[in-house]
Structure formats: structure tokens, C-alpha cells
Amino acid sequence: MEQRTIAAIATAMSPGGISVIRISGPEAFEVADRVFRSKKAGKRLCEQETHTIHYGYIFRNEEMIDEVLVLLMRGPKSYTAEDTVEIDCHGGVLVTKRILETVLENGASPADPGEFTKRAFLNGRIDLSRAEAVMDLIQAKNEFARKNAVSQLNGKLYFKIKDFRDMILDGAAQIEAALDDPEQISLEGFCEKLDQDLDGICIGLDEMLADADNGRMLAEGIRTVILGRPNAGKSSLLNLLAGQERAIVTEIAGTTRDTLEEQILLGGIGFRLVDTAGIRSTEDIVEKIGVSKAMEQAENADLILYVVDGSMPLDENDEQIIGMIQDKKAVVLLNKSDLPLYISEEELKEKTGKKVITVSAKEFTGFKRLENVLCEMFLHREVQYNDEVWITNIRQKENLRHARESLQLVRESISQNMPEDFLTIDLMNAYMELGYILGEEVEDDMVDRVFSKFCMGK
Ligand code: GDP
Ligand code: ZN
């Protein structure tokens with residue numbers, strides 16, 4: 001099938017210094033020649049060296065659209081591994097659109113979102129883990145996410161998975177060979193050796209899986225829900241952490257009706273803070289919606305910040321919250337410590353079984369300690385940005401888990417002295433599952449799904 005030549009605006013659609021229109025495919029150079037006129041008369045882009053830059057104008061019929069620089073990259077040395085032309089134009093939105101239209105009128109078709117990166121993948125220049133890293137990099141919201149994406153883009157995940165796969169394939173190949181030629185090749189001691197190798201791989205996979213949740217939280221932000229009875233100081237705390245007046249702080253109990261969300265960074269880690277209506281038993285309908293929402297939000301939180309109003313005795317709302325947070329990751333904030341306290345940090349710790357930090361949202365005290373405790377909780381082992389790959393992607397995590405299960409089956413078969421040919425099926429299943437992470441033999445619609453999440457022009 002003849003590949004289409006595709007084109008799209010590769011830069012953001014807002015006025016800027018320059019914009020880039022990217023053209024990729026077998027006819028990229030011809031299309032560019034139809035719309036471009038060089039300063040030097042008669043110069044044709046098709047005849048120019050690869051990786052050169054040319055100055056001239058874009059013409060739509062006889063109308064000059066813009067003054068541009070054109071970059072030529074012949075495949076396979078380009079982002080897509082195809083012939084690629086990039087037109088740098090003056091950055092106006094209208095100008096950029098006109099140039100794209102002109103390019104489309106002259107033989108290119110509009111690119112789908114992510115199609116350039118998809119082609120890089122389909123043309124074998126990058127594997128799927130690296131293609132996904134491109135998207136992660138674009139969407140990175142904090143330093144952790146950015147560094148992790150770059151590391152994956154450099155093939156860190158690719159090489160790690162590839163090593164595991166090579167070992168698995170070696171094992172399967174040895175079994176096949178021995179079964180084909182039992183007189184020449186013996187499987188004496190083979191199963192012990194294979195079991196050892198698989199043990200090593202399983203440990204590696206377990207580490208990656210254990211880090212996956214941390215990786216996701218670090219990349220997307222730790223979903224943090226602030227709970228506490230009305231007037232405990234939840235909104236004050238949220239505002240303080242977020243550094244702005246975002247939630248409504250009032251003296252009337254129950255004014256925070258809806259939930260608010262705020263992205264913050266503490267010690268380099270991203271937190272997604274959610275403020276909820278105060279939890280309390282009430283007949284008020286509006287308030288009730290807020291309360292059930294708070295419960296719901298807390299159910300799937302990564303972390304709960306439970307705010308206690310220390311200037312008053314604990315009430316039945318507090319008892320309810322304490323019961324609810326028992327099996328959750330939670331930190332208790334003993335707030336209003338500028339006022340005389342009804343309960344001490346020690347007593348509250350005893351009662352909740354959680355870490356308690358005395359703070360005052362009014363006087364900004366105790367927050368450095370909060371930051372330290374949170375960082376410690378989530379970075380129990382130092383994040384080594386560039387040495388480890390963190391799986392942050394649900395698809396990849398599923399594949400890892402399936403591979404791990406198949407290897408476990410192989411090891412069980414070994415311990416039950418099953419015949420060797422029995423092992424190959426599960427070995428090859430693990431091999432395939434790991435292959436999916438790299439995009440080997442994945443179904444077309446899976447590939448489409450991955451790339452449809454990309455932005456236009458990438
Ligand atoms: P929420 O209902 O839990 O969101 O509580 P708010 O943040 O709206 O605070 C309720 C009231 O308590 C407001 O009048 C705040 O100014 C006050 N407040 C919050 N934190 C403190 C604190 O640390 N000390 C004192 N003295 N008052 C506080
Ligand atoms: Zn509030």
C-alpha cells in the first residue's frame with residue numbers, strides 16, 4: 001500500500017515567534033517544491049542534500065503567503081524515518097493555517113493526531129515504550145514525570161525488557177533444540193539453571209510492579225483528599241498549601257459545598273489536593289451531597305490529610321473519620337495549635353494510629369514538618385531519576401503482571417518435574433506479554449488507541 005504524505009501544524013496554535021508545518025511521506029519533497037520558491041531562481045528542493053535549510057517564500061498560486069525557512073530531512077534520518085520537510089514560518093495563527101492549507105491543496109493529506117510518532121513506530125525507528133514516552137514527555141507536569149519520560153525515551157525500559165525477553169527466549173530455544181535432537185543436546189541440569197534465571201527475572205518484574213503505583217502517583221500527582229469536620233480548617237489548609245485564595249474560607253460550618261482540586265509541588269513531588277465538604281451528620285440536603293462526595297473521594301485517594309480542630313473536643317464526626325482512615329494512607333493534622341488544645345499530639349497519635357503533625361493554618365506553623373513527612377512517605381527509597389525506569393502506564397503494568405504470572409506457572413511446572421516441552425507454552429506467553437510493552441505483534445486497534453491520545457502535529 002502506498003503511504004500517504006501527511007502534513008500538520010507541529011507547533012501550538014497561538015501567535016508566537018515561529019510556527020512549524022511538518023510534511024512527511026514519500027512525496028514530502030515534491031509537495032514542498034510545489035509551494036516553495038527559493039530566493040535563488042530555479043532551485044528545486046528535490047535536488048538538495050539532506051539535512052539542509054533553504055530560504056524562500058511560500059506561494060499559493062501567485063499569491064505570496066509568507067517568508068520561510070525550509071528544513072529537509074531524507075528518510076530514514078528523520079523523526080518519522082520518512083522523507084520529511086519542515087516549514088518554519090512567521091508565527092501568526094492565520095499565516096500558519098494558510099500555509100497548511102496550501103500544502104494540503106498540493107498533494108498532502110491532513111495528519112491524524114500522533115500520526116508522525118505512529119509512523120516512527122511503524123517504520124521501526126522507535127518501539128512502543130519510546131513512542132509512549134514522547135507523549136509522557138509532552139504531558140509531564142513535574143520534574144519526576146519529565147525525567148522518567150526522558151529516561152524511557154532513551155530506551156531504558158526497552159533495554160530492560162529486551163534483556164528479560166532474550167533470557168526467556170534462550171530457555172525456550174534450548175528446550176526446542178533438545179527435543180529436536182535428544183542425542184546431541186542434553187537437558188541435564190537445564191531446569192535448575194532455567195529456574196534460577198526465571199527467579200532473577202521475577203525479582204526484576206516484582207520491583208517494577210511495586211514501583212508502578214509510586215511511579216503513577218509521582219507522574220500524575222498523589223491524589224490527596226483533605227477530610228475533617230466542618231470548620232476544622234480544611235479550606236485554610238488547602239489555600240495555604242496551594243499558595244492562593246482558592247477555596248472559600250468562612251466561619252459558617254459547612255460552606256465548602258463542592259469539591260475543589262489543586263495541583264501543588266512539595267519537595268519536588270506533585271500532589272493533587274482535593275478539598276471536600278466537611279463530614280458531619282446533617283439533615284440539610286445540599287450538605288448531604290457534599291458529605292457523601294467526601295466519602296467517595298476519600299475511598300480512592302492515595303493519601304488522606306485528616307484535619308482536626310484542636311481547639312475543640314473530638315466529636316462524633318471525628319470518630320467516623322478515624323474509623324474510615326484506619327486501612328488508608330493518612331496523616332493527621334492537629335490544627336489551630338495557636339489556640340489552647342483539647343488534645344495532645346501524643347493522645348491523637350494513640351487514638352488514630354497515624355502520624356500526627358501539629359500545625360496552625362493561621363500562623364503557618366508545622367508545614368515544613370508536613371512536607372518532610374509526606375516526602376518520606378512516598379519516597380521511602382530515594383528516587384534515582386535516571387537509573388531506574390518507573391512504569392507509569394496502566395497498559396505496560398498489565399503486560400508486566402501477565403508476564404509475571406506466566407513465569408510463575410513455568411516455575412511451578414519445573415518444581416512438579418513436568419516434561420520440558422510443557423514449559424515452552426508459558427515461557428512463550430511471558431515472552432509475548434513483554435513484547436507487547438515494546439509494541440511487538442500488538443493489534444492494530446491497540447496501536448491506534450495509544451496514538452489517538454497524542455496531540456495534533458506530533
Ligand atoms: P473548613 O470548614 O474545614 O474548610 O474550615 P475553614 O478553612 O473554612 O476554617 C474555618 C474557620 O477556622 C475559619 O474562620 C478559619 O479562619 C479558622 N481557622 C482555620 N485554621 C485555623 C488555625 O490554625 N487557627 C485558628 N485560630 N483559626 C483557624
Ligand atoms: Zn472548607
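Computed from heavy atoms alone, side chains included, the values below leave out hydrogens, waters and symmetry copies. These numbers come from a predicted model, not from an experiment. Read the numbers this way: they start at 1 and go in the same order the structure lists the ligands and their atoms.
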For ligand 1, the portion of N335 having any non-hydrogen atom under 4.0 Å away:
side chain
Which option, K336, K362, K234, owns the non-hydrogen atom nearest atom 3 (O) of ligand 1?
K234
Does ligand 1 have any atom sitting under 4.0 Å from a heavy atom of G228?
no
Could you tell me which residues satisfy side-chain contact (heavy atoms from CB on, under 4.5 Å) with Y57, sequence neighbours excluded, listed by chain and number?
K39, Y55, F59, M64, E67
Given the ring of Y79, does K458 sit roughly above its face, with NZ or CZ under 6.0 Å from the centre of the six-membered ring and within 45° of the axis?
yes
What atoms of ligand 1 come closer than 4.0 angstrom to any heavy atom of S236?
6 (P), 7 (O), 9 (O), 15 (C), 19 (C)
Pair up each side-chain donor or acceptor in residues 430-437 with any protein partner under 3.5 Å, not counting sequence neighbours, and list the distances.
unit_1: E433; atom_1: OE1; unit_2: N399; atom_2: ND2; d: 3.2

Would you say ligand 1 has an N or O under 3.5 Å from any N or O of S337?
no
Short list, please: which atoms of ligand 1 are under 4.0 Å from a heavy atom of A361?
20 (N), 22 (C), 23 (O)
Give me the atom names and distance for the closest heavy-atom approach of A10 to R22.
CB-CB, 4.3 Å
For A403, does its backbone N or O pair with a side-chain atom of N429 as donor and acceptor, under 3.5 Å?
no
Contact atoms of ligand 1, heavy-atom distance to S360 under 4.0 Å:
23 (O)
Closest approach of K349 to K354 (non-hydrogen atoms, all atoms of both residues):
CG-O, 3.4 Å
Do any nitrogen or oxygen atoms of V359 come within less than 3.5 Å of a nitrogen or oxygen of ligand 1?
no
Looking at E345 and R369, is there a salt bridge between them, counting it only when a charged N and a carboxylate O are closer than 4.0 Å?
yes
Sub-3.5 Å N/O-N/O distance, L339 and ligand 1:
no
Taking the side chain as C-beta and beyond, is there a heavy-atom pair between L240 and F364 under 4.5 Å?
yes
What atoms in ligand 1 come closer than 4.0 Å to a heavy atom of D338?
22 (C), 23 (O), 24 (N), 25 (C), 26 (N)
I want to know if ligand 1 touches G233 in the polar sense, i.e. an N/O pair below 3.5 angstrom.
yes
